[in-house]
Structure formats: structure tokens, C-alpha cells
Amino acid sequence: MTSMCFPVTPKTSYRRSGQKRPRGDVCVVPPSPAEASSPESANGSQQSSVIVFAHKRPRTDVGTICSPIARPRPAVPTEMEFVQEGSCLDLHYREVALVDPGQHLIKLHQLPMCSDCYLLKNKPGPPNTIVKHTKATSCRFQGAFLRRLVLDERAARRTLKVHSLICEADKLDRKRMLDLSLFTDAYPKDVARLPQQDRLYILRKILPTLRGVSEQELSHIQCYDDAQVSMKTTLEGFREFCDVCQTSIFDIHWTCLDCAFAACVDCKSDRQLIIDMSKNCDLKLHFRKVPMTMDRLPRDGMNWPACCANTAQPLPKAAARFADEARKARDPPYPHNLVPTRIVPSQILKKLVEDAQGILDKTGEQNPVPLPVSVESASCTPVLLCGGRLLWMQQDMSCDSPPFREHWDKGLPVLVSRILDQLGDKQLWLPSTFCKMFGEDPVSLVDCSTNPHTDYRNKRHIDFWPGFENRNARGLNDEKQKAVWKIKDWPVRGAFAEILPKHFEDLMQALPLNRYTNVDGDFNLAKYLPGWLCRPDLGPKMYAAYSSSTHPESATTNLHVDISDAINVIVYVGRPFGEGAKETVKAVSDALEKLNLDTVVLTRLRLGETPGALWQIYRPEDSSEIKKFLLKVRRERGIEGDEDPVHCQTEYLTVDLRKRLLLEHNVVGMDIVQFEGDGIFIPASAPHQVWNLYSCVKVAEDFVTPEHVHDCALLTKEFRQLPNDFSNKADKLQIKNILFHTVKSLVRSFDADHLA
């Protein structure tokens, strides 16, 4: 059997003639001998089968399984090249269904499937079952326009192989393959409405970090020609991430054209460094049975998975033999057909940095004038606490207030009071309201009385809220002791705004420094991520926990750092009653007396304000000394290992440990008492821990400010080196994407001002 491909006029002829380009090329397979002899063929109704243009891929308006290259071809080819657009599974099953399986079946081991299609096709199940992707899975090649395939019919059996990569030049004249406007247009469209002074302030703060990102990214492909660099089309709502360290991929990375494995430039450099130094990689077995994910593939000591499409060394069926086979293999079974790949079109990133610098040079922003003090700022005098390291604002203040900007720029926390006065309906935040709304719904609880904290996943809201203030109604843990329950990061699934729309609206209008903290705030850089990207979930999230005052050795939240800036607001403090209530009140009083509190804090206590939680916050530059100290303490306890004691979130600095930290490392934190209605601004990368004095309902909102994007970028690099089983391992912030799209939007906004 032979296939026919209708010849296509070269691309340039359409431009010369002005004719409209056809919507697509057509590849037709004539009926097989068996089909030709069927009754339908006798009536003349038997038609040739179209094999490449019937499938529509999700999340796009138009789609096909494959797109033949637009070039003149003979009427009866022996080979056919085409760009893969659909999924590997759809391509395979479409071929099998439309040809005679007995004679023209594609050799499956020569059809290089991406890892997700491979795992889905080979999952346990009835034989000869056609499997399809669901919403939870997708083909890695689908819609990416990443590789050319070649269908070879010269042999007795048809074979489908990878032919070559798709570079940027192949996509420039096809908008459905590469839409340049995604990387050039401003988002949101009304960025130009911002005062020019605000736009220049943001640009000056974040441009140095983007310049560093640009230099690092482009340095990895400067030795390659453009034709050697593949171009990946970005899919709507999809986050590109490294399969080794789970860090979000912004632009340059490495892709296997066989299995679509992706490695960031840092992981590729780390592996190449070991190879260059001739060090043997310790091939440890990492095999976890997580259905339909890359984690089902065996991994080596550097966490690189086996390549499921490596024909030179096929994926071993028995995972237990993987490490031994990998050592003996001349061609190791890891992704080997790696090509440098870009997402952002060439020259755009470099030119964007140059244009942004040109704007700053023209406006003289490198020597900025002092910001004006607004009327609102002048009417409110902030107070410095904790030896000048904590700024306390007794009411909301303008974002352009010099005291706030100067303090926040140093990476120091800010305390804002009287937020409850701004809430429209305080009844929404009562424990009884949450119990009534979600009583029977499942929820994961954490017992904070144990060290480390213990997770209880099969609980309901009704197991938590009745004991929030009534100590007699509290449940027991596995040791038959009264648990100190905590709900964290709730809701875990779904957006806060969708599950609690009234609460969301009430909170958003009450948050202080709204241009920073609001989802659409002008100084919240996450706002500038376009809608076609998978935007990070920055909250808000709710945290509700019992009092820990009778457990001085256990924290409500252990010492850790956040990858982004955040505000944490206490919206309700529970007054304890029942058995043990007096002991709780006395424990709170004793704990506060041991602290060296500022006079204004003691005054607030005397006036009857209710304290909710005690925080210890440290400066970002103290992180290294704190880590050294905690590693020493862990060795004293007989705990071996060098895992990061802050990022693992298992340590709490008790009163005695805080004294040792001061004496041995000269590091002292800020003891901050958070009252009901107080909001604490925590800078990114600042180590902090929380100890609930009374039961509290808190709401936290993350945001990304211009002052701390450099810290966010540094933390992203630290997190990628954590083990894969760390809960906060995955990089969901996408700080490089945030930097690029923010600068892009600001530069485009200056085009209207004729400054670019």
C-alpha cells in the first residue's frame, strides 16, 4: 500500500500572489486490499482515510495530530515528514485504526512516546485497550510543536521515527505555532494608567535581577546556532518545570526529543560537571509507585529518570535491576537525545533588558528624587519597636510612605493594627460560622503538641471547631492525649475566592497597603503574569490553631522561610473556657513576662487588648548563622545528616535555644506580640516561627514586591537543591516569569510616553 500526499505550493508563493493559504495540508491513505474488496467499495462509497487532520487537541481552538511540512513533494512519496502536534497516543491509535493491522502496524518500540503517554499506555489493564488522557494527564508533545517525525514506508512494515527538532525559524510564519504577541504585549492592558513615578520605581528595583537571569539563560546556548536550538510552544494554563528539581522553567532548558523529559540549565550543568570531573554517580534506586506520573520511572542518584523511549537501552521492566543495568550499559538509559530548547523567542529577552535600561537612562531614574509624602502618610506617625527593627503602623498608610518604603526595602517586618475595623461583617470569621458551613467536610489536621508535628488526614471540620474555645470538647491524638489541632493552608484544593466568596471580598477590602497586598495591586508583581500562564496560587489561605501556651517546647508553626512576601492577619482570637482554661491564661501571662517587651506593647495589654500569637522574626542575613547553630544542636541530639534545618520546617527555637543563639552567634530575633486585628508583613527569606498564645483564626495572603524579588530568586535556587519529598520543594512562584512579564509590561507602557 502507498500513501498519497497532495503537493503544497511553497510558502513564499502565497505572499507573491496574494492568494489565501489553505487551512491545512492533507495526507490521505487509500483503502487497504481488505477494505477495497468490501461491499461498500462495490457501491463506490469506500473512500480514502484521512489520518492526520481529524483530532482536536484540548485548550486550543484548532488542532491536528500532525502538521506536514509545507514543501513540494512527489505524488507518491516513500517517506513523509511532519510536525507532531497531537498526542503520541492519538497518533499511534489513529494509525492502527486506519490501516490493516496485520501488515501495516507501526512498530511500537520505534514510535518514541513521551513519558506521560508511555506510562499511560503501559499501565496495568485489559489487553488491547485504547487508553486516553484525562484532565489530570496530557501528552508532553501535544501542542508544543517540538519535533518532526518521519513515516517510512519503504520497508515491509511502516515505522515512525524522530527526524529532527523544530527551531524558531520553522515557526515564525505560523501564528498557531508561535504567537509573538504573547512575549511582546503588555498585560494588563491598562499598565500605562499607573503614574510614571510608580512604573519607574518598580523598573529600577527589579531590572538588575532580570538582567542576571538574562545573562545566565543566554550563556547556555551562545555556542549553538539558532538551527540547533529547539523552540517549544507554550500551552495555555501549563507550567513548564524541570523533571529533576521541579523548578519552574522560564526559557532555556534541555529537552529529550524521544521522551520529552525536561531539565533546567542548572540541573544539566550539575550533571555535566560530575561527568567532566570523572566522578562516578552513586546510582541509588528511587522508585515510588505514584500512578501516571514521572515518579513511576526509576531514577539515579542525581534524580534523573530513565528515558522510556531510549531504543539503545530500553526501560527495564524490573525496577530492581535498574541500577545494575545502568552501570553496565554503554549507552545509559537516561534521556540521551537532549537538545537545547527555548520558550522565549530569540533576541526578545536581551532587547527587553536593553530597552528597560534605556528608559531609566533617559529619565534619570538611576539618581531618583525622594518620593513625596502623601497627606495620608503625614497624618499617621509610625512607631519603631524591637530596637528599631519593627515598624508599627497604628492604622493603614499609603504605599509611597517613605517610612514604610525605607523599612520594607531593608527586609524588615511591619506591623499594622486595627484591621478588624475595616472588616464589613465580623460574623463571617467566627468559629461557629465555619463549623456550620463546613462541619461534615473532610480536612487534614496537624497535632502541634508533638515534635515533629503529626498529620491526621481523615478528619472533619466538626472534629476541630467545637474545641476551638471549649477545652472540654477537644479530641485526643494517637497517644490518648488532648491534641493541639491546627488547620493549615486551607482550602488545600480550590481557590479561597471560589469556596468563600463573601470572606474573600471582605478580606480584600480590609487588607492594609492594598496596592501591595491585593491580588490586583499595582505593586504586587504577580498581577503582571498574563492569563495564558499557569498563575501561582498566592492565597489567601486560612490558618486556624489551638493555643500552644501549655506546650512551651512545641511551636504552632516551626521555623521556616517563605519564598514570597506575605501578610498574616488575626481575624479572631478565642477566649478559653472549660477544664484547663485557667492554666492556659496563667501560661500566657508567664510567657509574656519573660519577654523584654516594648512599652507600647505593655500598654496594649493593660488596656485589655487580646494577644493572639507570639512571633520570632529574624533578618534574612541571619539565615546562615541560624542554620549553622541548628545543625550543631541536631548533632548534639545525635541526629546525623546535613539537610537544611530551616527549609525542612522541623525545628523550633525555644527560649533556651534563643538565648544560646544570641550568646554563640550574636543573632537575636524580634519578639512580636500579634493582637487580634493585627497584620504582620513578613519579608521573603526572613526566618520566622509562631507560637499561639490563645486559639486563633488567621488569614495569610502572599504577594511579590519589587523590593524583594532578588531574595525570591535566591530562594528558588535554594529550594531546587532540596530532596524531592520536601513539601515546599516545587517552585510554584515562577519568579523568572514574573520578572520578565512585569518588565515587558512596563516597557510597553512607556512606548506611549515615547520613552522607549
Q) Step by step, would you call Leu194 with Arg515 a side-chain contact (heavy atoms from CB on, under 4.5 Å)? A) CA-CA 11 Å; Leu194 294 180; Arg515 296 182 71 191; 4.2 Å; yes
Using distance only, find each side-chain donor-acceptor pair of residues 383-391 under 3.5 Å and give its atom names and separation, not counting sequence neighbours.
from	atom 1	to	atom 2	distance (Å)
Arg389	NE	Cys386	O	3.2
Arg389	NH1	Val668	O	3.0
Arg389	NH2	Gly669	O	3.4

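Annotation: side chain to side chain contact (heavy atoms under 4.5 Å, CB included) contacts of Asn451 (sequence neighbours excluded): none. Annotation: side chain to side chain contact (heavy atoms under 4.5 Å, CB included) contacts of Glu579 (sequence neighbours excluded): Asn472, Lys482.
Residues Tyr516 and Glu707 bring a donor and an acceptor atom of their side chains to less than 3.5 Å of each other. Under the 3.5 Å distance criterion, with hydrogens and angles disregarded, a donor-acceptor pair is assigned to the side chains of Asp447 and Ser449. Side-chain atoms of Arg471 and Thr584 include a donor-acceptor pair closer than 3.5 Å. Side-chain N/O atoms of Gln616 and His688 include no donor and acceptor closer than 3.5 Å.
Residue Lys632 places its NZ atom among more than 12 non-hydrogen atoms of other residues, nucleotides or ligands, all under 6.0 Å distant.
Side-chain contact between Ile570 and Phe675: absent, with no pair of heavy atoms (C-beta onward) separated by less than 4.5 Å. Looking only at side-chain heavy atoms (C-beta outward), Glu718 and His647 come within less than 4.5 Å of each other. Two residues are said to be in side-chain contact when any heavy atoms from C-beta on lie closer than 4.5 Å; Met508 and Val519 meet this criterion.
The aromatic rings of Phe468 and Trp465 sit tilted, their planes meeting at an angle between 30° and 60°.
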